[in-house]
Amino acid sequence: MSFQIAIDGPAGAGKSTIAKRVAKKKEIIYVDTGAMYRAMAYYLLKRGVNSGDAEAVERECEGARISISYENGEQVVWLNGENVNGVIRTEKVGQMTSDVSKYPKIREQLTLLQKELASTNDVVMDGRDIGTCVLPEADVKVYLTASVEVRAKRRYLELSEKGVSCDLEQITKDIEIRDRQDMTREISPLKQAEDAVLVDSSDMTIDEAVEVILGLCKENQQ
Ligand code: DC
């Protein structure tokens with residue numbers, strides 16, 4: 001059996017940064033499931049699909065072949081043979097992703113891919129439903145969160161550092177909308193698995209959060 005670390009939590013809690021570091025320390029792969037949903041949303045945006053049109057979404061999503069590979073330890077997401085890493089991180093794609101990730105057909109397709117990856121590799125996988133749906137038997141389950149204010153500030157700093165002009169109030173509002181949408185959808189909503197350990201990173205450094213997770217791995221003998 002492979003060793004599985006599941007990290008779920010809301011947008012901006014630091015999941016990907018922390019999960020990447022844990023994966024490096026453990027010398028196992030990091031699977032960013034949000035990037036797979038983003039690739040699907042990007043495809044649907046390119047096809048001009050309206051996210052509220054369930055029939056169109058379920059029909060069009062069949063045309064998206066999504067897979068991942070690793071280059072120098074970095075996950076590369078492929079959409080119909082195209083590397084889409086560079087185009088899936090925009091706010092527009094993020095919002096579309098949250099809108100369309102409620103559709104069962106999309107979730108089934110991507111969950112299958114995620115389960116396959118974890119069955120043949122030791123993984124740190126992050127997302128919204130990893131501990132609850134994708135890897136319910138994971139060796140370590142973490143629910144990583146932080147207050148809305150802290151998450152908004154982190155996002156603001158990240159964008160400002162990249163030279164993108166942004167507004168803290170608007171970012172806060174966007175995060176609140178995304179949380180509500182991800183937590184209240186019918187299928188696989190974001191929630192803490194009963195056996196997940198809650199890690200609130202609001203007052204933690206990245207290194208501290210990584211240490212907490214590595215400690216949990218030790219407790220679970222890996
Ligand atoms: O982690 P992220 O911000 O890249 O995720 C983008 C969106 O994808 C998020 O709003 C909800 C969705 N998502 C999901 O529904 N299930 C996952 N396992 C990962 C992401």
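For ligands, and for the atoms within them, numbers begin at 1 and follow the listed sequence. Below, each value reflects all heavy atoms present in this structure, side chains not excepted, and no hydrogens, waters or symmetry copies.
For the residue pair Ser98/Asp182, the side-chain donor-acceptor check at 3.5 Å is satisfied. With no hydrogens or angles considered, a side-chain donor-acceptor pair links Ser201 and Arg154 at under 3.5 Å.
Considering CD of Glu176 and CD of Gln181, their distance stands at 13.5 Å, rounded to 0.5 Å.
For Arg38, a nitrogen or oxygen atom sits less than 3.5 Å from a nitrogen or oxygen atom of ligand 1, counting backbone and side chain alike. Taking only nitrogen or oxygen atoms, main chain and side chain alike, Asp32 does not reach within less than 3.5 Å of ligand 1. Taking only nitrogen or oxygen atoms, main chain and side chain alike, Asp126 does not reach within less than 3.5 Å of ligand 1. Considering backbone and side-chain atoms alike, Arg107 places an N or O below 3.5 Å from some N or O of ligand 1. Between Arg185 and ligand 1, a contact under 3.5 Å exists for at least one N or O pair.
For ligand 1 and Thr33, the ligand atoms under 4.0 Å from any heavy atom of the residue are 17 (C), 18 (N), 19 (C). Here is the list of ligand 1 atoms found below 4.0 Å of a heavy atom in Gly34: 4 (O), 5 (O), 19 (C), 20 (C). Here is the list of ligand 1 atoms found below 4.0 Å of a heavy atom in Ser98: 10 (O).
For the salt bridge (Lys or Arg N to Asp or Glu O under 4.0 Å) test with Glu91, the passing option among Arg38, Lys173, Arg155 is Arg155; the others fail.
Looking only at heavy atoms of the protein, atom 8 (O) of ligand 1 is closest to Thr97 CG2, 3.2 Å. Scanning the protein heavy atoms around atom 12 (C) of ligand 1, the nearest turns out to be Ser101 OG, 3.7 Å. When only non-hydrogen protein atoms are considered, atom 5 (O) of ligand 1 lies nearest to Arg128 NH2, 3.5 Å.
Heavy atoms of Gln181 come nearer than 4.0 angstrom to ligand 1 in no pair at all.
Side-chain contact between Tyr143 and Val199 is absent, with no heavy atoms from C-beta onward closer than 4.5 Å.
Here Lys105 does not pair with Glu58 in a salt bridge; the nearest charged N to carboxylate O distance is not below 4.0 Å.
Between the side chain of Lys15 and the main chain of Leu144, no donor-acceptor pair closer than 3.5 Å is present.
The number of heavy atoms from other shown groups lying within 6.0 Å of NZ (Lys25) does not exceed 12.
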